[in-house]
There are 2 protein chains.
Amino acid sequence: MSEELLHTPQACDDALTRAFGFLGKRWNGLIIGVLTGGPATFSGLRRAVGGISDSVLSDRLTELAAAGLVHRAVEAGPPVAVTYELTEAGGALMPVLDQLAAWARTNLPAGQCAAEATAAG
Amino acid sequence: MSEELLHTPQACDDALTRAFGFLGKRWNGLIIGVLTGGPATFSGLRRAVGGISDSVLSDRLTELAAAGLVHRAVEAGPPVAVTYELTEAGGALMPVLDQLAAWARTNLPAGQCAAEATAAG
DNA sequence: CGGTGCACTTCTCGAATCGAAGTGCTAGCT
DNA sequence: AGCTAGCACTTCGATTCGAGAAGTGCACCG
């Protein structure tokens, strides 16, 4: 048990660990997923992800912004509007999430989009 | 009055929702990530992911097995040995996790594998 | 016989999350 | 003008989740 017992047990999955530091938090994955469809507002995001609470969404958005994955654009003017959108780093996740969705469609039971079903015919 | 702003709010990210039903749970992503390196035992897994507790690992493994992502192989014989390995569905995640790791290496700060550094030239 | 490792389970405590309500401001209806 | 409604958050109380330690039964090592 000195040198090695397994073939590099977890060589570079250190990157995975960091990735799941964000994606492992209950809603982060979905939030980014929704954002891949374009910029959104706070309440727009809340509706899109469905089931998340204001407080958690606020927290997650702050985290994501601090990590540089999403950009918080505050539009001045009388009605202060806040828009969230992916940064470059966040956008780089789009193909990954796309593959992930494809995987879920193929390998996870009980679920398929109506839009998908029609294409099958 | 611009209705164009909402272009299919969340068309098929229903698949994402299902995917993150698993990956959104604190350790599931890492567990699968470790399993992509080959089959492992309970304690082997515990060591590989690092920081997870027995109870949670047991829960996650049960969930993953119930979802058909990992296979729980019980070897009889006097010393009952249990081995966990990815099923086809779980194995299909490997390329996704690979991309995810690549993304993390590129876009998440403070982290780089020694093995990667060599390729810098 | 005593110590160790494996595969789990059970228990308790603190953290994370939920869900609803509250705050300050603007817009639309009457 | 008064009232309702929406947006972007924050704060509060309650539930659920996860961490850490210890316990169980069995086989191997010395």
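Residue numbering restarts at 1 for every chain, and letters A, B, ... go by the order of the sequence lines. Computed over heavy atoms, backbone and side chain alike; hydrogens, waters and symmetry mates excluded.
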Just so I know, are the side chains of [X] and [Y] near enough to count as touching, which here means a heavy-atom distance under 4.5 Å?
X: A:W27; Y: A:V34; value: no
X: B:L61; Y: B:I31; value: yes
X: B:V49; Y: A:T17; value: no
X: A:L35; Y: A:L64; value: no
X: B:D98; Y: B:M94; value: no
X: A:R26; Y: A:V56; value: no

N/O (side chain, [X]) to phosphate O (OP1/OP2, [N]) under 4.0 Å:
X: B:S53; N: D:dG20; result: no
X: B:S58; N: C:dC8; result: no
X: A:Y84; N: D:dC7; result: no
X: A:T41; N: D:dC7; result: no
X: B:R60; N: C:dC8; result: no

Taking the side chain of [X] as its heavy atoms from C-beta onward, which of [options] lies nearest to it?
X: B:F42; options: D:dA8, C:dT17, C:dA7; value: C:dA7
X: B:R72; options: C:dC8, C:dC18, D:dG18; value: C:dC8
X: B:S43; options: D:dC7, D:dG18, C:dA7; value: C:dA7

Whole angstrom is fine here: how far is it from [atom1] in [X] over to [atom2] in [N]?
X: A:R46; N: D:dG6; atom1: CZ; atom2: C1'; value: 9 Å
X: A:I52; N: D:dT10; atom1: CD1; atom2: P; value: 14 Å
X: A:F22; N: C:dA16; atom1: CZ; atom2: P; value: 15 Å
X: B:K25; N: C:dT17; atom1: NZ; atom2: C1'; value: 13 Å
X: A:W27; N: D:dC17; atom1: CH2; atom2: P; value: 13 Å
X: B:D59; N: D:dG20; atom1: CG; atom2: P; value: 15 Å
X: B:L57; N: C:dC6; atom1: CG; atom2: P; value: 13 Å
X: A:E75; N: C:dT26; atom1: CD; atom2: P; value: 17 Å

Q) What string of B, S and - do you get for nucleotides 10-15 of chain C, 5' to 3', if B is base contact, S is sugar-phosphate-only contact and - is no contact with any protein heavy atom under 4.0 Å? A) B-----
Please list, one pair per line, the donor and acceptor atoms closer than 3.5 Å that link side chains of residues 78-88 of chain B to other protein atoms, with sequence neighbours excluded.
residue, atom, partner, partner atom, Å
B:Y84, OH, B:R72, NE, 3.3
B:T87, OG1, B:G68, O, 2.5
B:T87, OG1, B:L69, O, 3.1
B:T87, OG1, B:A89, N, 3.4
B:T87, OG1, B:G90, N, 3.3

Q | Which residue lies more 5' along DNA chain D, comparing A:V80 with B:R26 via nearest heavy atoms | A |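 Result of the comparison: A:V80.
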